[in-house]
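The structure under discussion appears below in the form of structure tokens.
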Amino acid sequence: MSPLRSLSAVAGVLVIAAGAMAQPPTDSNVKFEAPGLLVKKPPPGPPEVKGPLQAWPRLEAGAVLCRTEDDLDRLAARHRGEAVGGPIGCQIMRASTPITVIQRKAQGRTEVRTNNPNAGGSGWTDVWLPERAPPGSTSAAR
């Protein structure tokens, strides 16, 4: 066999070997069935609609806001059936009102300030206001 012919035979084998090496292996890192690439179908039925975030803390409609701590004590005495002289400076909140807690003296004695000055200003309430906001609410200071 001539040297030129053997060189061309070797070159042909190298071309075939290079072609076989150029193809990616069948177990490559590219996978088209990855969970992040698949489009998820929405669940059947109407779409979930989230309501607006609620201010927290807040006094709900029907809560009592008294001007002073003494007014709150006199209101409690009247609710117990005791005789109370003079007017009691308290109002019933007509709508949900965002507030800021100023101080807590006891579980049913909290000094608050309404964030809307037309909604009563500052005063005392007997409403239980937990320290943490419930899920789905936001700070009233925003």
Side-chain angles (χ1 to χ4, degrees), residues 3-142:
L4 187 57
R5 196 167 188 197
S6 66
L7 185 59
S8 68
V10 171
V13 171
L14 287 175
V15 169
I16 292 172
M21 289 175 47
Q23 292 182 350
T26 57
D27 189 27
S28 68
N29 290 333
V30 178
K31 295 186 188 243
F32 291 105
E33 60 240 10
L37 297 176
L38 294 177
V39 177
K40 294 181 182 177
K41 293 181 182 178
E48 180 182 338
V49 178
K50 294 182 180 178
L53 294 176
Q54 299 293 317
W56 187 260
R58 66 179 180 264
L59 293 177
E60 298 291 346
V64 175
L65 181 66
C66 297
R67 277 187 287 137
T68 65
E69 192 174 6
D70 291 334
D71 287 333
L72 187 63
D73 289 336
R74 288 199 313 246
L75 180 67
R78 182 174 284 171
H79 284 207
R80 287 190 303 265
E82 299 173 10
V84 177
I88 300 174
C90 297
Q91 65 177 336
I92 297 175
M93 304 308 289
R94 306 237 184 277
S96 200
T97 307
I99 59 168
T100 302
V101 175
I102 297 172
Q103 69 171 319
R104 297 173 190 268
K105 278 203 168 176
Q107 189 171 1
R109 188 177 303 269
T110 307
E111 185 178 8
V112 298
R113 182 182 70 242
T114 60
N115 294 351
N116 181 358
N118 298 332
S122 64
W124 290 82
T125 185
D126 58 355
V127 174
W128 179 72
L129 298 166
E131 294 286 335
R132 294 182 179 209
S137 62
T138 183
S139 173
R142 289 185 188 173

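Because the structure is predicted, anything quoted here is derived from the model rather than measured.
With sequence neighbours left out, D71 forms a side-chain hydrogen bond (donor to acceptor under 3.5 Å, both in side chains) with T68, R74. With sequence neighbours left out, the side-chain hydrogen bond (donor to acceptor under 3.5 Å, both in side chains) criterion links D70 to no other residue.
Taking both residues in full, the closest heavy atoms of V64 and C66 are given as CG1-SG, 3.8 Å, listed atom of the first, atom of the second, then distance. The shortest non-hydrogen separation linking V101 to P57 is CG2-CG, 4.1 Å. When all heavy atoms are compared, the tightest approach of L129 to R58 is CD2-O, 3.7 Å.
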Would you mind writing out the side-chain donor-acceptor pairs for residues 81-99 within the sub-3.5 Å range, not counting sequence neighbours?
residue: E82; atom: OE2; partner: R80; partner atom: NE; Å: 3.1
residue: S96; atom: OG; partner: E60; partner atom: OE1; Å: 3.3
residue: T97; atom: OG1; partner: A95; partner atom: O; Å: 2.9

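Other residues, nucleotides and ligands contribute over 12 non-hydrogen atoms within 6.0 Å of the CZ atom of R109. Atom CD of Q103 has more than 12 heavy atoms from other residues, nucleotides or ligands within 6.0 Å.
Counting only residues at least two apart or on different chains, no side-chain hydrogen bond (donor to acceptor under 3.5 Å, both in side chains) pair has a member in residues 41-51. The list of side-chain hydrogen bond (donor to acceptor under 3.5 Å, both in side chains) pairs with a residue in residues 120-135, not counting sequence neighbours, reads R104-E131.
In this structure the side chain of N115 reaches within 4.5 angstrom of the side chain of T100, judged on heavy atoms.
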